[in-house]
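Here is the naming used below: chain letters follow the sequence lines, and residue numbers restart at 1 for every chain.
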There are 2 protein chains.
Amino acid sequence: MIDQTELIFNPIKSRRTFEEVSNEIKRLIFQGILKPGDRLPSESELARRFSVGRQTIREGLRLLELSGFITVQKGSTGGSLIRDTILNRISGLFLDAIQMKNISVDELTLARVEIERVVLNHTIKNIEDLDLKNLQENILQAKKMVENHIPAFDQNIQFHKLLAKASKNPVFVIVVEAIMAVVAHFLSGYEKDVEGSRKVALLHQDIVNAIIEGNRDEAIRLLEEDLQQLKRVL
Amino acid sequence: MIDQTELIFNPIKSRRTFEEVSNEIKRLIFQGILKPGDRLPSESELARRFSVGRQTIREGLRLLELSGFITVQKGSTGGSLIRDTILNRISGLFLDAIQMKNISVDELTLARVEIERVVLNHTIKNIEDLDLKNLQENILQAKKMVENHIPAFDQNIQFHKLLAKASKNPVFVIVVEAIMAVVAHFLSGYEKDVEGSRKVALLHQDIVNAIIEGNRDEAIRLLEEDLQQLKRVL
DNA sequence: TCACATTTGTCCGTATGTATC
DNA sequence: AGATACATACGGACAAATGTG
């Protein structure tokens with residue numbers, strides 16, 4: 001018979017001190033004691049407060065930085081700043097996984113179509129005026145850039161993130177954010193394709209129009225056309 | 001007018017040496033020169049080869065470790081081992097994001113239902129005999145455990161990962177893997193619910209049967225019942 | 001059982017680069 | 001331009017863990 005108390009009490013000291021440093025600071029963030037925008041004490045000060053060496057603090061900060069909880073800046077007013085999102089870090093790891101598994105454009109596009117389709121269904125259901133305004137603003141920016149013969153790469157990727165955000169489900173936001181990081185990576189070799197950017201911006205405009213008109217099937221059809229267009233480019 | 005050459009050429013040297021160390025080793029992994037199971041040279045040896053200090057090497061290794069590329073062990077036969085997957089790290093970060101955003105069980109379940117539904121469609125289309133064998137084996141294990149009054153949480157979570165794997169799309173695998181990490185986290189307080197495990201195992205059996213019979217609608221209906229069952233527990 | 005070598009973990013002192021005032 | 005505060009980086013040292021003879 002297993003002594004169940006063994007399952008209840010976790011070891012207090014993890015094997016490595018720098019992990020404790022990271023976890024302790026993470027705890028303060030989760031509890032809201034440290035908020036986005038706050039600055040951590042300097043490395044020396046942290047070392048003094050935790051009673052550990054600076055190297056240990058630094059390795060703990062590396063963990064927090066890679067996890068997206070802080071950014072670190074040099075200089076006299078530098079230091080570790082608490083950030084408000086760890087989404088970009090998830091995207092980075094997602095990208096690593098895709099590269100490691102040699103995932104193809106076809107596989108990515110297939111998954112994108114399926115996932116963004118269901119997200120769009122919820123977006124149509126839950127979209128609010130502010131979301132529409134953001135989408136319109138995004139398209140306007142993209143159009144201005146292509147008029148000046150500058151590709152609107154970032155804007156067109158941002159469009160899909162805005163769509164996900166309008167679904168009002170944070171899980172969708174995270175998933176789409178990760179997928180779009182991979183799309184951006186695949187696209188990074190085609191940054192001079194102004195004509196492609198123009199086509200996509202127009203498609204995005206049509207999608208928003210279809211959403212406004214409540215034409216669900218048309219919106220989804222256009223979205224799929226958008227994604228297939230990308231597949232052809234790559 | 002923006003000078004477009006600014007957009008094309010990225011800085012070759014990153015600001016910090018330890019990032020270069022991490023990127024260089026990552027490159028060797030991506031290129032297949034370093035393979036899963038291989039051991040990196042010791043920290044001192046790496047420091048010698050890269051002509052940097054050991055502290056710099058260590059911070060680079062922290063990045064690789066947290067990204068899931070290596071595991072590090074102490075001792076005479078210890079060191080840094082190349083791993084074969086970084087999926088669990090993605091799951092960890094995904095979990096961080098969910099905690100930070102205070103995502104609810106409802107929101108998670110909604111996203112799960114939508115995403116696992118489309119994944120199941122592809123699974124039904126692409127499943128092979130080996131996948132079916134793995135699923136049956138998984139259910140058998142779960143049933144054995146509940147017969148011995150042991151909850152089969154890990155098996156029941158693994159079931160969903162196996163379903164995703166059978167879809168033959170690695171993007172789906174990654175997404176479902178991340179989502180299941182969150183499910184496991186939500187479930188961690190209910191580890192003694194043997195009766196729940198039993199119900200779920202039976203549902204899983206029905207799902208596999210429906211897949212074998214090619215009854216797509218029934219399989220999806222059962223999957224949704226499975227997920228809603230979890231929502232009721234929490 | 002007992003040394004011994006190897007490797008990571010940790011600390012300290014020092015020096016340099018960098019951003020801000 | 002100079003002073004200041006901070007991260008970055010190096011080298012040396014010892015402790016702790018882990019396997020071997």
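Note on B/R54: every side-chain N or O is 4.0 Å or more away from OP1 and OP2 of D/dA13. Put simply, B/R62 has a side-chain N or O that comes within less than 4.0 Å of OP1 or OP2 on C/dG9.
The CZ-P distance, from A/R58 to C/dG9, rounds to 16 Å in whole Å. Remark: P of C/dT7 and CZ of A/R16 are 17 Å apart, rounded to the nearest angstrom. B/Q55 places its CD atom 16 Å from the P atom of C/dA15, with the value rounded to the nearest Å. For the pair B/I57 CD1 and D/dA9 P, the interatomic distance rounds to 11 Å; values are reported in whole Å.
Among the atoms of the strands shown, only primed sugar atoms or phosphate atoms (P, OP1, OP2) are found under 4.0 Å from some heavy atom of B/Q73.
Listed by chain and residue number, A/F94, A/L95, A/I98, A/L108, A/F186 satisfy the side-chain contact (heavy atoms from CB on, under 4.5 Å) test with A/V182 (two or more places apart in sequence, or in another chain). Among residues two or more places apart in sequence or in another chain, the salt bridge (Lys or Arg N to Asp or Glu O under 4.0 Å) test is passed with A/E59 by B/R58, B/R62.
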task = Can you check each nucleotide of nucleotides 16-21 of chain C against protein heavy atoms at under 4.0 Å and return B for base, S for sugar-phosphate only, - for none, in 5' to 3' order?
result = --BBB-
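Annotation for B/K168: atom NZ counts as buried by contact number, over 12 foreign heavy atoms lying within 6.0 Å.
Interatomic distance, CG of B/N138 versus CD of B/Q136, reported as 10.0 Å (0.5 Å rounding).
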Donor-acceptor contacts under 3.5 Å from residues 27-38 of chain A side chains, at least two apart:
| unit_1 | atom_1 | unit_2 | atom_2 | d |
| --- | --- | --- | --- | --- |
| A/R27 | NE | A/E24 | OE1 | 3.3 |
| A/R27 | NH1 | A/Q31 | OE1 | 3.0 |
| A/R27 | NH2 | A/E24 | OE2 | 2.7 |
| A/K35 | NZ | A/G32 | O | 3.1 |
| A/D38 | OD2 | A/K35 | N | 2.8 |

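Annotation: salt bridge (Lys or Arg N to Asp or Glu O under 4.0 Å) contacts involving residues 100-109 of chain A, sequence neighbours excluded, comprise A/D106-A/K231.
Neither side chain, A/N169 nor A/H122, offers a donor N or O lying under 3.5 Å from an acceptor on the other.
Between B/K144 and B/E147, no side-chain nitrogen of the basic residue sits less than 4.0 Å from a carboxylate oxygen of the acidic one, so the salt-bridge criterion is not met.
Of the residues in residues 37-46 of chain A, those with a non-hydrogen atom less than 4.0 angstrom from any atom of DNA chain D are A/R39, A/S42, A/E43.
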